[in-house]
Engineer: 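Here it is, the structure in full.
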Amino acid sequence: MLKVYNTLSRSKEEFVPLVENQVRMYVCGPTVYDYPHIGNARSFAVFDTIRRYLEYKGYRVFYVTNFTDIDDKMINRANEEGISVQELASKYIAEYLVIARQLNLKPATVNPRATEHIDDIIDMVQRIIEKGYGYVVDGDVYFDVSEWKSYGVLAKLASEDLEAGARVDIDERKQDPRDLALWKAEKPGEPSWDSPWGKGRPGWHAECSVMGKYYLGLPFDIHGGGQDLTFPHHENEIAQSASAYDVETPVKYWLHNGFLTIDSEKMSKSEGNFFTAREVLDNYEHQAVRLYLISGQYRQPLDYNAKAINQAIQSLERIRNAVDTIRGRILILERSGGRVAEADKKLKEAIDKLQEGFEKEMDDDFNTPGALAEVFTFIKASNTLTPKVGNTAVLREALAVLSEFLMILGIDLQAEEGGQDAGISSAKLSATIELLLEIREQARKNKDWAMADLIRDRLGEIGIEVADTKDGPTWKVN
RNA sequence: GCCGGUUUGGCGGAGAAGCUUACGCGACAGACUGCAGAUCUGUUUUACCUGGGUGCAAAUCCCAGAGCCGGCUCCA
């Protein structure tokens, strides 16, 4: 039974989707005004793993993650860079997609952009006004928090406490300082759209309400994002969706991932203590970065430092070695023929144990470190048993199960270097041929013509033609 | 002020009453080995913030306290 921690109830709940066998899930994507940092990457990786596990469990998952491509930050940055907001968005969306691929994120079902849904946003704002929860001042539209009695359900913030908050905007035009902007009137030089209240643009939280409803319908099952979005973003989203569309609980399960810290301090753009995902991915192997990002339980803080990444690199190496051991054993058995051995049964038992253990851990609010521990327990058993296994079927099963589970965690054994199935770059292929020729030259020096001819003939059969010159051998691919 | 989270061995990090050798990384010793790599075995002698309490039994439950981190309208 799958249990998930729901921010709404502050407790683990049994996961039961609203519609049998399918999960509708929305994860707050990036505001595309800057390079994503490694903390953003954690969020992406965590929800990707959650999504993949749900799919593993047999659910059909509709996974929506948006690009917020219009807001204050977008406008400011576009002005700084001297480009249009649209150009800015394209630039950083492209960057996001590169990082997504490097982190092995499975593409979302849809990646909608806020600016594609301006009409829907206007429609929602209008509904909110009609229901009596919004008011218009000089072309701005505000949400009237004092009218919305359940404001604070998610963040568990009582209204009075909010008023005491340190950073509430002081804006004379708001009836209540807590009120949030649903629609902002046009200012000179800003992108704007026509609306019943004059030219303007959407407020900060409108787009997620609208796109969630548009693509998934209300209510839907899972809404994810970083802990810092709990308030105000998600709180406001609930207020907007619930009031506009008459849905008491727009989202059944709210999932929030913990922060990534640097020296135990929250990493954030406003503090300036951040690494971009780009820097990290350029410096370390992508799969190791992904492994690092899911090496802690998703709700706990995760500290970023070189030691942590190095540990992930070592762990990944151990995983690969184990896989290579299994693949190597398959090669040997294919050459020599299999037989039945005592170890076959034992390895099969270890596979079953892995399956059971992995699911048990992941069923417990996606306990990825626990799940990894199960993988390593299996690897230890496999390393001992594999050299004694006589039957390729069980080895192939081990590979299949291992690959499937690692893929849920975002580690793709088929990708990049490593493994006989991985494909090989032309640089590596060349180096390999050079190596063979080096060996052949050694044989020629020793007048071991049989060996030299064997290498040349066999390469020829593969389609690689070797020719000797007085300065050394050459080769070309036919 | 209000609301959350967190504190586990040299490090990272699970576990939420009894028994987990958790797991990984690191270190040391050994086995295997033409060399290298990989792998295996053992060790790293009672790791659970503090003080109370309830249990036959507490890292785990309760109370109090301390440290650290975060939210309270920029943020994943």
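FYI, side chains are in, hydrogens and waters are out, and symmetry mates aren't considered; it's all heavy atoms of this structure. Numbered from 1 within each chain, the chains take letters A, B, ... in sequence-line order.
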Engineer: Checking side-chain polar atoms at under 3.5 Å, does H205(A) have a donor or acceptor matched by the opposite partner on H234(A)?
Structural biologist: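 H205(A) vs H234(A): no donor-acceptor pair found between side chains.
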Engineer: Between U45(B) and C32(B), how far apart are the P atoms? Round to whole Å, please.
Structural biologist: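 About 27 Å, rounded to a whole number of Å.
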Engineer: For atom P, what is the distance between A47(B) and U6(B), given to the nearest Å?
Structural biologist: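 Result for the P pair: 23 Å, nearest Å.
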Engineer: To the nearest Å, give me how far apart CG (N321(A)) and P (G37(B)) are.
Structural biologist: 12 Å
Engineer: Let me know the distance between CG of N6(A) and C1' of G4(B), rounded to the nearest Å.
Structural biologist: 15 Å
Engineer: Taking only the side-chain heavy atoms of K307(A) (C-beta and beyond), determine which of G13(B), U73(B), C11(B) contains the nearest atom.
Structural biologist: C11(B)
Engineer: Rounded to whole angstrom, note down the C1' distance from A14(B) over to U7(B).
Structural biologist: 15 Å
Engineer: Starting from C1' on A14(B), measure out to NZ on K360(A) and report it in whole angstrom.
Structural biologist: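 Rounded to the whole Å, the gap is 10 Å.
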Engineer: Rounded off to whole Å, could you give me the OH-to-C1' distance for the Y292(A) and C25(B) pair?
Structural biologist: 15 Å
Engineer: Look at Q300(A) and U6(B) and indicate whether a side-chain polar atom (N or O) is within less than 4.0 Å of OP1 or OP2.
Structural biologist: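 Checking Q300(A) against U6(B): at least one side-chain N or O falls below 4.0 Å of OP1 or OP2.
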Engineer: Quick check on RNA chain B: between G29(A) and T261(A), whose nearest nucleotide comes earlier from the 5' end?
Structural biologist: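 Final value for this comparison: T261(A).
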Engineer: Are a donor atom and an acceptor atom from the side chains of N310(A) and Y284(A) found within less than 3.5 Å of each other?
Structural biologist: no
Engineer: Scan N367(A) against the nucleic acid and name what it touches under 4.0 Å (heavy atoms): base, sugar-phosphate only, or nothing.
Structural biologist: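 Answer is sugar-phosphate: N367(A) comes under 4.0 Å of backbone atoms only.
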Engineer: Aromatic contact between Y33(A) and Y92(A), with the criterion being ring centroids under 6.0 Å apart: yes or no?
Structural biologist: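 Not under 6.0 Å, so no.
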Engineer: Reckon D364(A) touches a base, only the sugar-phosphate, or nothing at all at heavy-atom distances under 4.0 Å?
Structural biologist: sugar-phosphate
Engineer: Mind checking the P distance from C28(B) to G71(B)? Whole angstroms is fine.
Structural biologist: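 These two P atoms come out 42 Å apart once rounded.
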Engineer: Find which nucleotide of RNA chain B each of L302(A) and H233(A) is nearest to by heavy atoms, and output the residue with the more 5' nucleotide.
Structural biologist: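 Upstream on the strand: L302(A).
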Engineer: Quick check on contacts: within residues 371-383 of chain A, what sits under 4.0 Å from RNA chain B by heavy-atom distance?
Structural biologist: A373(A), F376(A), T377(A), K380(A), N383(A)
Engineer: Sort by first number and list every stem of RNA chain B: at least 3 consecutive Watson-Crick or G-U wobble pairs, both distances under 3.5 Å.
Structural biologist: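 As far as RNA chain B goes, consecutive pairing (with distances under 3.5 Å) yields the stems B:1-7 with B:66-72, B:10-12 with B:23-25, B:26-31 with B:39-44, B:49-53 with B:61-65.
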Engineer: Taking the six-membered ring where the residue is Trp, are the ring centres of Y56(A) and F405(A) under 6.0 Å apart?
Structural biologist: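 Centroid distance Y56(A)-F405(A): below 6.0 Å, so yes.
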Engineer: Taking atom types as modelled, is there a side-chain donor on H37(A) or T276(A) under 3.5 Å from an acceptor on the other?
Structural biologist: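 No pair is found: no donor N or O on one side chain lies under 3.5 Å from an acceptor on the other.
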Engineer: Find the distance D303(A):CG to U8(B):C1' and express it as a whole number of Å.
Structural biologist: 17 Å
Engineer: Determine whether the side chains of R290(A) and T49(A) contain a donor N or O and an acceptor N or O closer than 3.5 Å.
Structural biologist: yes
Engineer: Hey, does F259(A) reach any base, or is it just sugar-phosphate, or nothing, if we go heavy atoms under 4.0 Å?
Structural biologist: base
Engineer: Under 4.0 angstrom, heavy atoms only, what part of the nucleic acid is H37(A) near: base, sugar-phosphate, or nothing?
Structural biologist: base
Engineer: Do D365(A) and Y298(A) have side-chain N/O donor and acceptor atoms under 3.5 Å apart?
Structural biologist: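 On atom types as modelled, these side chains qualify, holding a pair under 3.5 Å.
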Engineer: What distance, rounded to whole Å, do you find between the two C1' atoms, one in A38(B) and one in A58(B)?
Structural biologist: 43 Å
Engineer: Among the nucleotides U73(B), G24(B), A14(B), which one has an atom lying closest to any side-chain atom of Q311(A)?
Structural biologist: G24(B)
Engineer: Phosphate oxygens OP1/OP2 of C40(B): is one of them under 4.0 Å from a side-chain N or O of R318(A)?
Structural biologist: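 For C40(B), OP1/OP2 do have a side-chain N/O of R318(A) under 4.0 Å.
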Engineer: Verify whether the ring centers belonging to Y215(A) and H117(A) lie closer than 6.0 Å.
Structural biologist: yes
Engineer: Could you tell me the separation between the CG atom of L229(A) and the C1' atom of G71(B), rounded to a whole number of Å?
Structural biologist: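 It is 12 Å, rounded to the nearest whole Å.
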Engineer: Given the P atoms of U60(B) and C48(B), what is the spacing between them in whole Å?
Structural biologist: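 Result for the P pair: 11 Å, nearest Å.
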Engineer: Quick one: is Q227(A) getting a side-chain N or O under 4.0 Å of the G5(B) phosphate, OP1 or OP2?
Structural biologist: no
Engineer: Would you measure the distance from the C1' atom in A31(B) across to the matching atom in C69(B) and give it in whole Å?
Structural biologist: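 Roughly 46 Å separates the two C1' atoms.
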Engineer: Under 4.0 Å, counting only non-hydrogen atoms across every strand here, what does G39(A) touch: a base, just sugar-phosphate, or nothing?
Structural biologist: base
Engineer: Give G224(A) one of three labels, base, sugar-phosphate or nothing, depending on what nucleic acid heavy atoms sit under 4.0 Å from its own.
Structural biologist: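 No contact.
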Engineer: Give a yes/no on whether any side-chain N or O of N310(A) is located under 4.0 angstrom from OP1 or OP2 of C25(B).
Structural biologist: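 For C25(B), OP1/OP2 do not have a side-chain N/O of N310(A) under 4.0 Å.
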Engineer: Side chain of E361(A) only, please: which of G24(B), G4(B), A14(B) is the nearest?
Structural biologist: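 For E361(A), the side-chain atoms sit closest to A14(B).
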Engineer: Please confirm whether the ring centroid of Y253(A) lies under 6.0 Å from the ring centroid of Y5(A).
Structural biologist: no
Engineer: Does G55(B) fall in syn (glycosidic angle within 90° of 0) or anti?
Structural biologist: syn
Engineer: When rounded to the nearest Å, what value does the distance between P atoms of U46(B) and U21(B) take?
Structural biologist: 15 Å
Engineer: Assign N40(A) to base, sugar-phosphate, or nothing according to its heavy-atom contacts below 4.0 angstrom with the strands shown.
Structural biologist: base
Engineer: For the ring pair H233(A) and W204(A), is the centre-to-centre distance below 6.0 Å?
Structural biologist: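 No, the ring centres sit 6.0 Å or more apart.
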Engineer: Counting side-chain heavy atoms from CB outward, which of U73(B), C74(B), A38(B) is closest to K73(A)?
Structural biologist: C74(B)
Engineer: On the ring face of Y35(A), is R278(A) found with NZ or CZ under 6.0 Å from the centre and within 45° of the axis?
Structural biologist: no
Engineer: Take atom NZ of K12(A) and atom P of G5(B), then tell me their distance rounded to the nearest Å.
Structural biologist: 13 Å
Engineer: Go through the side-chain N and O atoms of N6(A) and E13(A) and say whether any donor and acceptor fall under 3.5 Å apart.
Structural biologist: yes
Engineer: Taking the minimum atom-to-atom distance to the side chain of S315(A), which one of A14(B), C75(B), C25(B) wins?
Structural biologist: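 Within the option list, the nearest is C25(B).
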Engineer: Classify the angle between the aromatic ring planes of W148(A) and F143(A) as parallel (below 30°), tilted (30 to 60°) or perpendicular (above 60°).
Structural biologist: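 Correct class here is perpendicular.
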Engineer: Taking atom P of G12(B) as reference, at what distance in whole Å does atom CD1 of I313(A) sit?
Structural biologist: 17 Å
